[in-house]
Protein chains: 2
Amino acid sequence: MPRLDDVARAAGVSKATASRALSGADGVSATTRERVQRAAGDLGFRASGAARRLATGLTRTIGVLTPSVDRWYFGSVLHGIAHAADAHEHDVLLYDLGAFGRGGHEKFERFMRRGEVDGLVTITWSLVGGDLSRLAELGIPVATVGEPTPHSRSFCLDDEAAGEQAAEHLVRLGHRDLLHIMSETEVQPIDASSSDRRRRAFERVSARHGLRTRPVVTVPTSPDGAHLAARELLARADRPTGIVAGTDDVALAVLLAAHQLGIRVPDELSVIGVDDVPTAAPFGLTTIRQDPAQHGEDVVAWIMSALAQHPHGRPDADPDRSHTSYAPVLVIRSSTAAPPRA
Amino acid sequence: MPRLDDVARAAGVSKATASRALSGADGVSATTRERVQRAAGDLGFRASGAARRLATGLTRTIGVLTPSVDRWYFGSVLHGIAHAADAHEHDVLLYDLGAFGRGGHEKFERFMRRGEVDGLVTITWSLVGGDLSRLAELGIPVATVGEPTPHSRSFCLDDEAAGEQAAEHLVRLGHRDLLHIMSETEVQPIDASSSDRRRRAFERVSARHGLRTRPVVTVPTSPDGAHLAARELLARADRPTGIVAGTDDVALAVLLAAHQLGIRVPDELSVIGVDDVPTAAPFGLTTIRQDPAQHGEDVVAWIMSALAQHPHGRPDADPDRSHTSYAPVLVIRSSTAAPPRA
DNA sequence: TGTACGCTCGGAACCGGTTCCATGAATGGA
DNA sequence: TCCATTCATGGAACCGGTTCCGAGCGTACA
């Protein structure tokens with residue numbers, strides 16, 4: 001494995017010059033640079049990342065802390081992150097923390113102990129507030145996707161607006177009897193998680209229009225659990241005319257349950273979700289769209305700009321902890337309509 | 001940021017001894033070791049990974065090359081990999097290559113140029129044969145999940161058996177007129193991709209039992225595209241009595257299309273898939289189960305054992321390129337039954 | 001009492017880049 | 001013609017661990 005030394009010797013220059021020539025620094029004549037580059041090419045030289053890290057203190061890597069990777073939202077954010085990081089010639093170091101409490105916290109501690117990255121993005125629900133503030137003291141740019149948090153820069157859907165739009169859509173169609181169903185958060189609850197904000201928005205709309213009040217229902221996160229719970233709910237005599245689901249996964253479970261019980265959608269029951277997962281379209285699910293991959297790209301763009309200002313972290317006294325919220329987009333399909341005339 | 005030097009001075013020993021004490025090497029008395037550890041703790045010492053990498057040549061990182069991360073199969077494998085890697089105190093470096101041809105190959109080249117890992121797992125369909133053989137020459141343990149390949153150690157479902165079991169299940173129920181629907185592979189086709197092996201197995205079963213022959217149908221990968229294609233297929237007059245789908249995603253699209261067309265499942269149409277995705281259960285989809293997360297854990301276990309033998313790669317003359325195939329498991333639910341009496 | 005051996009520990013040479021600073025040559029202006 | 005800059009380049013000191021090798025000491029055995 002050839003070293004910089006070998007390249008320098010082959011090109012007849014010093015290590016210092018070879019380094020400058022290959023890294024693109026200026027202060028090297030064009031002819032020398034070309035000679036060094038050719039020598040490097042001939043020898044098949046690949047600079048040692050470890051040595052560069054040690055010398056520069058930069059890893060050219062950004063870390064991602066996520067509670068899971070095999071669900072749509074997280075996978076999409078991660079996809080956006082990976083794509084944008086690649087565009088900036090940065091690598092992605094993945095910490096799949098899993099559910100908090102089930103080993104997730106030990107994995108977090110391992111990150112604090114060993115993780116070496118230039119910037120960090122945490123996908124929400126993986127951490128509690130105390131952990132987030134420890135991250136903030138790491139001296140590197142930290143951003144969160146999926147949750148507005150005071151501890152770091154953050155990016156996420158405007159959940160309040162999403163919940164509001166979903167409920168308002170059904171109210172506009174004439175519904176006066178709605179039920180909100182949300183997925184249970186399997187992790188340590190944070191003050192106001194995404195689903196809680198959607199719920200609160202629903203309740204505000206409900207109060208504003210004087211709708212019939214029904215207690216919010218929580219169903220399991222697994223598709224199977226959600227489906228069974230939805231079935232039981234819809235089987236009751238006084239079911240509502242419309243259902244506002246916290247996520248598309250829940251909405252789809254409701255759709256399936258309705259079908260199995262012979263309840264016609266949207267004639268007898270309207271259903272609306274949030275997310276616009278890929279399967280929402282074929283099912284004709286009306287929903288509130290968000291684009292997590294875009295959030296992932298944006299969070300990396302921010303990290304890169306922060307890095308450009310303070311390459312070695314320690315972003316002086318007043319770090320940017322602003323919040324970017326994305327406007328939800330109502331996508332009307334065929335799962336919502338005016339309520340049946342009683 | 002305290003260095004090893006500081007710890008050594010605080011503990012009144014040399015750097016060499018401090019290093020040995022903290023890394024757990026022997027040749028250090030118990031009392032000295034404890035003194036050093038306390039000093040390190042007091043100072044909040046965290047060893048520089050970059051320095052360790054440079055000195056040892058080991059990154060304690062394994063790389064993952066995957067065509068995507070936001071689909072069930074890939075996400076699940078990645079989850080298994082991350083979990084197992086964590087258990088071995090290794091990090092995961094993620095390269096989300098995307099579809100081959102759409103920038104995927106440039107990302108691969110970037111990995112070849114910059115990627116520094118102790119071991120590598122490629123999730124299939126991200127690469128063509130030539131790339132795989134280049135990886136094999138990297139001098140580190142390389143394994144593939146999802147595809148048996150001669151270029152590396154590999155792990156995947158026995159696709160032949162899966163295709164066979166699926167078809168045989170329907171034949172046993174009495175079907176004589178089956179159609180195979182598979183998802184189009186959006187990437188550079190490899191000689192025998194997973195879906196091709198399932199298809200061939202289907203065709204063998206079909207020939208063996210002298211079933212009515214129908215040309216295999218390919219549908220788009222997107223849920224929406226698959227659904228539309230399935231709808232068109234089922235709307236034809238002479239539809240088959242049973243459908244063997246290459247994956248659950250396709251099977252679910254068929255199920256939905258059948259429902260919308262008023263075709264009763266399983267009375268009028270049987271449908272079977274492969275995968276057992278989480279949504280298969282609520283839909284009552286009969287399927288062939290596989291457990292990609294387990295494959296991910298196993299591939300890491302293999303890499304770790306290879307690393308234990310040759311910590312610095314270069315696994316001499318005859319690297320292990322054997323193939324592990326997992327037995328498929330038939331999960332019978334309510335989407336399959338005897339064909340309707342004509 | 002002398003020698004051999006084992007154990008703990010320190011000195012110093014790595015690993016392979018980056019970068020500060022000094023040097024020498026070439027250029028431009030007075 | 002001379003001095004002041006600018007520019008390309010080389011020498012050497014880093015970055016922060018790991019590890020080889022040898023020194024010193026204590027014990028055991030002849």
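Computed from a prediction, not measured in an experiment: that's the story for all the values here.
- Using a distance-only test at 3.5 Å, with no hydrogens or angles considered, a donor-acceptor pair links the side chain of R110(B) to the main chain of H90(A).
- Between I140(B) and V142(B) there is a side-chain heavy-atom pair separated by less than 4.5 Å.
- For S29(B), the side-chain atoms get nearest to dT8(C) when compared with the rest of dG17(C), dG10(D), dT8(C).
- Atoms OH and CG, on Y95(B) and D91(A) in that order, are 3.0 Å from each other to the nearest 0.5 Å.
- D320(A) has a carboxylate O that lies under 4.0 Å from a charged side-chain N of R153(A), or vice versa, which qualifies the two as a salt bridge.
- Distance CD (E116(B)) to P (dC15(C)): 16 Å, rounded to an integer number of Å.
- Proximity of S14(A) to the phosphate of dT9(D): no side-chain N or O atom is located under 4.0 Å from OP1 or OP2.
- Here dC15(C) is the nucleotide among dC9(C), dG17(D), dC15(C) with the atom lying nearest to any side-chain atom of L54(B).
- Taking atom CZ of residue R35(B) and atom P of nucleotide dT8(C), one finds them 13 Å apart after rounding to whole Å.
- Closest to the side chain of A47(A), out of dG17(D), dG10(D), dG17(C), is dG17(C).
- The base of dG17(C) is paired with the side chain of K15(A) by a donor and an acceptor separated by under 3.5 Å.
- The CG-C1' distance, from D26(A) to dT6(D), rounds to 13 Å in whole Å.
- Distance L43(A) CG to dG16(C) C1': 15 Å, rounded to the nearest Å.
- Along DNA chain C, the nucleotide closest to G27(B) and the one closest to R52(A) are compared, and the more 5′ of them pairs with G27(B).
- A straight line from CG of L58(B) to C1' of dG17(D) spans 14 Å, rounded to a whole angstrom.
- Within the 4.0 Å cut-off from OP1 or OP2 of dG10(C), at least one side-chain nitrogen or oxygen of T17(B) is found.
- Listed nucleotides: dC20(D), dT18(D), dG16(D). Nearest to the side chain of L4(B): dT18(D).
- Nearest to the side-chain atoms of A16(B) among the listed nucleotides dG10(D), dG11(C), dG17(D) stands dG11(C).
- Remark: side-chain polar atoms of H310(B) are not paired, donor with acceptor, to backbone N or O of A306(B) under 3.5 angstrom.
- For dG17(D), neither phosphate oxygen OP1 nor OP2 lies less than 4.0 angstrom from any side-chain nitrogen or oxygen of S19(B).
- Side-chain atoms of T32(A) lie closest to dT9(D) of the nucleotides dT9(D), dG16(C), dG17(D).
- For the pair T32(B) (side chain) and V28(B) (backbone), a donor-acceptor distance under 3.5 Å is absent.
- The CZ-C1' distance, from R9(B) to dG16(D), rounds to 13 Å in whole Å.
- With salt bridges taken as basic N to acidic carboxylate O contacts below 4.0 Å, one links D5(A) and R9(A).
- The CE-P distance, from M1(B) to dG17(D), rounds to 10 Å in whole Å.
- Overall, the helix from dT1(C)-dA30(D) to dA30(C)-dT1(D) carries an axis bend of 50° between its ends, with five pairs at each end and the value rounded to 10°.
- Inter-residue side-chain proximity for R53(A) and T61(A) is flagged as met; some heavy-atom pair is nearer than 4.5 Å.
- One donor-acceptor pair, N or O on each side, does fall under 3.5 Å between the base of dG10(D) and the side chain of R20(A).
- Rounded to an integer number of Å, the gap from CG of D5(A) to P of dC15(C) is 10 Å.
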